[in-house]
Amino acid sequence: MRKDKTLLCMMGICLVLFVSGTFFDEPVEWFMAEHGLDVISVVAAAIGPLPPYVLLAVCFSYLSNENKYYGIVSLVFSLVAGWSLFHLFMGGIVLVTFVVVIGLLLYFFVRWSTGKMESSEVNRKKIIAVIGVIVIALIVVEVMKVIFARPRFIYLDELDASFSPWYVIHQPSLLDDRCKSFPSGHAMSASLLYLWTYFGKGKKWKTAVAIGFAIFVSIGRMMCGMHYLSDVAMGMFIGYGVVYLFGNMLEYRL
């Protein structure tokens, strides 16, 4: 079976960084927080969650050819992508306006792009596989966040807590986002952009963009004190892991 060597390499790098973070999380995070740039942190926070929303908008737009109600789901994910992109910068009616405008523009772009895709059983199975692996990644990350309940670095003083490594399990926290440091959902979401490389042409430049995007988001999340090195490394590993699962599904099922 043909393997994606770049993907396997990234998974290996993520594991090395994860192990390194297990021993050096605290000093690395102090360095990142003290020398980080606010603009990188804010941009990373805004764009990090976009890949799953955009990919799901694309998937349901394609499926709307067989069921029109899927088009509504695609529109919802397009609007959610718009909200994710702008909610950190504005609020009120201005935010609503930007979300609606950008969401609709994204929706119509997605409709146009999926309209050019060939309607075939193979493509349909690919689309369903993408939806499946994205859902798996989101569930795995959220369950781990609740179970480990690791306090975020930026909230240690507010929580009257001290640094603790990822493997120290705290009281499970379902709603308190301040205690959802491990693993990084932004890093996982950003790494899912790699799914893009399995569609269309130009795999090499798409791969470079996808990896660069995930690295930028991960660095930004450490700079703002929301995540440690082990958090983003595990988040990326989960993301690349489900992409690897997707690749195997293509190999064996399609």
Side-chain angles (χ1 to χ4, degrees), residues 7 10-11 13-15 17-18 20-21 25 28-29 31-33 35-57 77-89 99 102 106 130 133-156 166 173-196 209-243:
L7 180 59
M10 288 306 301
M11 292 175 67
I13 291 173
C14 288
L15 285 178
L17 292 175
F18 173 68
S20 300
D25 262 347
V28 170
E29 184 53 38
F31 176 84
M32 295 296 291
H35 297 85
L37 299 175
D38 290 340
V39 64
I40 294 179
S41 301
V42 174
V43 172
I47 66 176
L50 289 180
Y53 301 145
V54 175
L55 286 168
L56 289 172
F77 279 116
S78 297
L79 293 172
V80 171
W83 176 85
S84 174
L85 190 59
F86 291 106
H87 77 281
L88 295 175
F89 307 105
V99 168
I102 298 302
L106 175 61
V130 169
V133 297
I134 290 176
V135 171
I136 290 172
L138 293 173
I139 291 175
V140 169
V141 167
E142 191 57 35
V143 169
M144 291 178 67
K145 282 178 175 289
V146 172
I147 292 176
F148 286 91
R150 187 183 195 184
R152 299 183 188 274
F153 176 79
I154 196 173
Y155 294 122
L156 290 180
W166 65 268
S173 176
L174 182 61
L175 300 176
D176 193 350
D177 187 67
R178 299 174 300 173
C179 297
K180 291 186 176 182
S181 183
F182 180 81
S184 170
H186 277 69
M188 180 279 294
S189 296
S191 64
L192 289 180
L193 185 61
Y194 200 97
L195 285 167
W196 179 41
V209 171
I211 293 175
F213 181 84
I215 292 174
F216 175 84
V217 170
S218 298
I219 290 175
R221 297 305 282 168
M222 289 192 290
M223 284 183 173
C224 67
M226 294 296 282
H227 290 290
Y228 297 96
L229 175 59
S230 60
D231 299 338
V232 298
M234 179 52 65
M236 290 178 66
F237 180 79
I238 293 172
Y240 289 131
V242 297
V243 174

| message | On a heavy-atom basis, which atom in Leu85 and which in Leu50 lie closest, and how many Å separate them? | response | CD1-CD1, 3.8 Å
| Asp177 and Met226: CA distance, side-chain angles, deciding distance, side chain to side chain contact (heavy atoms under 4.5 Å, CB included) verdict | CA-CA 10 Å; Asp177 187 67; Met226 294 296 282; 4.3 Å; yes
| message | For a quick test of reading the model, state the closest non-hydrogen atom pair linking Pro52 to Pro49 and the distance between them. | response | CD-O, 3.1 Å
| task | Among residues two or more places apart or on two chains, list those pairs meeting salt bridge (charged side-chain N to carboxylate O under 4.0 Å, His left out) that have a residue in residues 228-241. | result | Arg150-Asp231
| message | Determine whether a donor-acceptor pair (N or O, by modelled atom type, separation under 3.5 Å) exists between the side chain of His35 and the backbone of Met32. | response | no
| Is it true that atom CZ of Phe89 has more than 12 heavy atoms of other residues, nucleotides or ligands lying nearer than 6.0 Å? | yes
| task | Mark yes or no for whether Lys180, through its side chain, and Leu174, through its backbone, hold a donor-acceptor pair below 3.5 Å. | result | yes
| field | From CD (Glu29) to CZ (Phe153), nearest 0.5 Å | value | 5.5 Å
| Rounded to the nearest 0.5 Å, what separation is found between the OG atom of Ser191 and the CG atom of Leu7? | 9.5 Å
| Which one of Ile238, Val242, Val141 satisfies the side-chain contact (heavy atoms from CB on, under 4.5 Å) criterion with Ile136? | Val242
| task | Could you tell me the separation between the CH2 atom of Trp166 and the OH atom of Tyr228, rounded to the nearest 0.5 Å? | result | 15.0 Å
| message | Using side chain to side chain contact (heavy atoms under 4.5 Å, CB included), reason through Leu195 and Val133 one step at a time and then give a plain yes or no. | response | CA-CA 10 Å; Leu195 285 167; Val133 297; 4.2 Å; yes
| Say you draw a straight line from CD1 of Ile211 to CG of Leu193; how long is it, rounded to the nearest 0.5 Å? | 10.0 Å
| query | Say you draw a straight line from CZ of Arg221 to OG of Ser184; how long is it, rounded to the nearest 0.5 Å? | reply | 6.0 Å
| query | So, the side chain of His227 versus the backbone of Ser181: is there a donor-acceptor pair under 3.5 Å, distance only? | reply | yes
| Nearest heavy-atom neighbours spanning Leu192 and Pro51 | C-CB, 4.4 Å
| query | Ala81 and Leu106: which non-hydrogen atoms are nearest, and at how many Å? | reply | CB-CD2, 3.8 Å
| field | His186 backbone acceptor or donor facing Ser189 side chain under 3.5 Å | value | no
| said: Could you work out, with salt bridge (charged side-chain N to carboxylate O under 4.0 Å, His left out) as the rule, every residue matching Lys145, not counting sequence neighbours? | reply: none
| message | Just verifying a value: how many Å separate Met236 CE and Ile215 CD1, rounded to the nearest 0.5 Å? | response | 5.5 Å
| Phe237 versus Pro183: any side-chain heavy-atom pair under 4.5 Å? | no
| request: Could you label the plane-to-plane angle of the Tyr53 and Phe77 rings as parallel, tilted or perpendicular, counting under 30° as parallel and over 60° as perpendicular? | output: parallel
| said: Looking at every non-hydrogen atom in both residues, tell me the closest pair between Ala214 and Ala190 and how far apart they are. | reply: CA-CB, 3.8 Å
| said: Please give me the minimum heavy-atom distance between Ser230 and Phe18, naming the atom from each residue. | reply: O-CD1, 3.6 Å
Without placing hydrogens or testing angles, list every side-chain donor-acceptor pair under 3.5 Å for residues 38-48, not counting sequence neighbours.
residue : atom : partner : partner atom : Å
Ser41   : OG   : Leu37   : O            : 3.3
Ser41   : OG   : Cys224  : N            : 3.4

